[in-house]
Amino acid sequence: MSSPFHFPSLVWDEIIAIYLFLLGISAGATMLAVLLRRSGIVSSPSENNIIRCAAILSPVTILLGLTILIFHLTKPWTFWYLMFNYHSTSIMSMGVMLFQVYMAFLFLWLAIIFKSLVATMIARFVPKLAFVNRLIATAERFISPIEIILILLSVLLGAYTGFLLSALISYPMLNNPVLPILFLASGTSSGVAALVVCALLFTKESTHSPALHFIHKFELPVVLIEAFLLFAFCVGLYLGGGQKTVAIVNAIGGGFWSNVFWFGVVGIGLVLPTLLNAVANENLKHKKSFMMTVAALGLIGVLCLRFWALYAGQMTLA
C-alpha cells in the first residue's frame, strides 16, 4: 500500500534527506567560521568557541553523512571505487571529487588555525612527523587564498545538495534550477543554527560575545532569502504548466507532505523564528534559552525542507 514514505515512484528515501541535511550543516558552518576568522573580530581563532565548534561540526557532519550513505548503498564495500574513478557525466562522481577537495582544504585550514595544538600532539605521540609543522608554517603564508578557496568549496557543497536532487530528471519538481540555490540558502541557515546551538550548549560562550553576534546577524537575511527562493520555487512550478503544476499542487495542496511543508518548512522554519525575533526585546534576544529555541526551530525547518523536497518531489513523474 502507498504511504507518505512508501509509494511506487519513490527512488531515494529518508537516508538521502538526512545526508543532504548533514552536508548543508557542514557547508554552512565552514563558510561562517572562515568569514568570522577573516572579519578581524577574533584575535585568537584557535581559542574562539565558534571556530572550535565549527572545527568539530564541519568534518563530523560531512563524514557522518557519507558514512550513512555508504552503508545505505547495496554494495557499500565497493564505494571506494568512486574515490579514484571519476566520471564527468555522473553527479555522484563529481560530488565525491568535490568532497575530497573540500575535506583537503578544510583540514588544511584547521591545521593552520590549530597549529599549536597540532605541534603539541605531534611532539607527544609521533615526533617523527615533526616535519608536518614546517609544512603547516609554509601553508600559513597562503592562508588568505586557502580561505577564499574554502569559502568557494563550501558554496559549491551547499549547492551540490540541490544539484544532486536536480539530477532526477524524471521528476519535474526536483529537476528545477532554483533548487540548488534554495538548498544553499537553507544549508547556510542550518550552519548558523548549528553553530549557535553548539556554542551555547557545549561552551561558555557569552550570548553578548562579538563572535556570536557576527554569526547571529546572518540569521534573518538568510531566512528572508530562503523564503523568497522557496516562493520562487513554488510559483515557478505552478506557472510551468503540465506535470510541473501537478507536482507542486500534489506537494503543497493537501496530504501528509503538504502539512510538512506548511507547518514544518514555512511555519516552524521560517515564520515562527522571524516572528519571535520581531517581537522579542533586546534583553530577550540575548537570553540563552531564546537563542537556542530560535536556532532549534531553524534546524527543524531545514530538516523538514529536505524531507519535503525529497519525498514530495518524487510523488509526480514527468
Side-chain angles (χ1 to χ4, degrees), residues 18 21-62 64 113 154 158 182-230 263-306:
I18 296 172
F21 175 66
L22 292 172
L23 260 61
I25 290 178
S26 179
T30 297
M31 187 193 317
L32 291 165
V34 174
L35 290 174
L36 175 60
R37 213 290 305 180
R38 293 178 65 85
S39 68
I41 294 175
V42 179
S43 57
S44 180
S46 63
E47 297 178 3
N48 181 263
N49 289 325
I50 300 295
I51 293 179
R52 284 179 172 179
C53 287
I56 297 173
L57 276 175
S58 296
V60 167
T61 49
I62 191 171
L64 179 60
I113 297 298
S154 299
L182 173 60
F183 272 33
L184 171 60
S186 65
T188 304
S189 177
S190 66
V192 172
L195 286 175
V196 170
V197 170
C198 185
L200 294 180
L201 196 60
F202 300 109
T203 74
K204 296 181 179 180
E205 185 77 7
S206 169
T207 56
H208 294 273
S209 73
L212 196 58
H213 175 71
F214 178 85
I215 297 298
H216 187 65
K217 74 179 183 180
F218 282 90
E219 187 174 37
L220 181 59
V222 171
V223 167
L224 293 178
I225 292 172
E226 185 182 350
F228 170 76
L229 290 171
L230 187 61
F263 292 104
V265 179
V266 177
I268 295 176
L270 298 175
V271 175
L272 195 52
T274 304
L275 186 62
L276 287 174
N277 277 312
V279 300
N281 55 41
E282 286 302 314
N283 183 50
L284 181 59
K285 285 182 180 180
H286 287 91
K287 286 187 176 296
K288 181 178 178 179
S289 57
F290 178 85
M291 295 180 72
M292 288 190 62
T293 298
V294 172
L297 291 173
L299 285 173
I300 293 171
V302 173
L303 185 60
C304 287
L305 174 62
R306 296 298 192 266

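Values in this document were obtained by computation on a predicted structure and should not be read as measured data.
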Within the structure provided, determine whether Leu230 and Leu305 are in side-chain contact (heavy-atom separation under 4.5 Å).
yes

So OG1 of Thr274 and CG of Leu224: to nearest 0.5 Å the spacing works out to 6.0 Å

Separation between CG (Asn49) and CZ (Phe202), nearest 0.5 Å, reads 12.5 Å

So CD1 of Ile215 and CG of Leu212: to nearest 0.5 Å the spacing works out to 8.0 Å

Sequence neighbours excluded, the answer for salt bridge (charged side-chain N to carboxylate O under 4.0 Å, His left out) partners of Arg52 is none

All heavy atoms of Ala194 vs all of Leu299, minimum pair found to be N-CD2, 4.2 Å

Here the gap from Leu195 atom CG to Ile56 atom CD1, rounded to the nearest 0.5 Å, amounts to 11.0 Å

In short, Ala295 meets Ala193 closest at the heavy-atom pair O-CB, 3.3 Å

Nearest heavy-atom approach of Lys285 to Ala280 is CE-O, 3.4 Å

Scanning both residues in full, the closest heavy-atom pair of Asn277 with His216 reads OD1-NE2, 4.3 Å

Next on the checklist: With heavy-atom distances below 4.5 Å as the criterion, would you say the side chains of Thr188 and Phe218 are in contact?
Outcome noted: no

Do Ile25 and Val302 touch side chain to side chain, with heavy atoms closer than 4.5 Å?
-> no

message: So does Phe183 get a backbone contact from the side chain of Ser186, meaning a donor-acceptor N/O pair under 3.5 Å?
response: yes

Legend entry - Donor-acceptor pair, side chain of Ser58 and main chain of Ala55, under 3.5 angstrom: no

Closest heavy-atom pair, Leu200 versus Glu205, reported as atoms and distance to 0.1 Å, is CD2-O, 3.9 Å

Would you indicate whether the side-chain heavy atoms of Ile268 and Cys304 approach each other to under 4.5 Å?
no

- prompt: Taking it one step at a time, do Glu219 and Val294 satisfy side-chain contact (heavy atoms from CB on, under 4.5 Å)?
  reply: CA-CA 10 Å; Glu219 187 174 37; Val294 172; 3.1 Å; yes

Between the CG atom in Leu201 and the SG atom in Cys53, the distance rounded to the nearest 0.5 Å is 9.5 Å

Ring pair (Phe, Tyr, Trp, His ring centres under 6.0 Å) pairs touching residues 272-306, sequence neighbours excluded, are His208-His286

Rounded to the nearest 0.5 Å, the CG atom of Leu270 sits from the CG atom of Leu297 at a distance of 11.0 Å

Shortest non-hydrogen pair, Ala185 vs Val222, comes out as O-CG1, 3.2 Å

ask   = Less than 4.5 Å apart, any side-chain heavy atom of His213 and any of Ile41?
value = no

Q.
Test your reading of the model: is there a side-chain donor-acceptor pair from Ser26 to the backbone of Leu23, 3.5 Å cut-off?
A. no

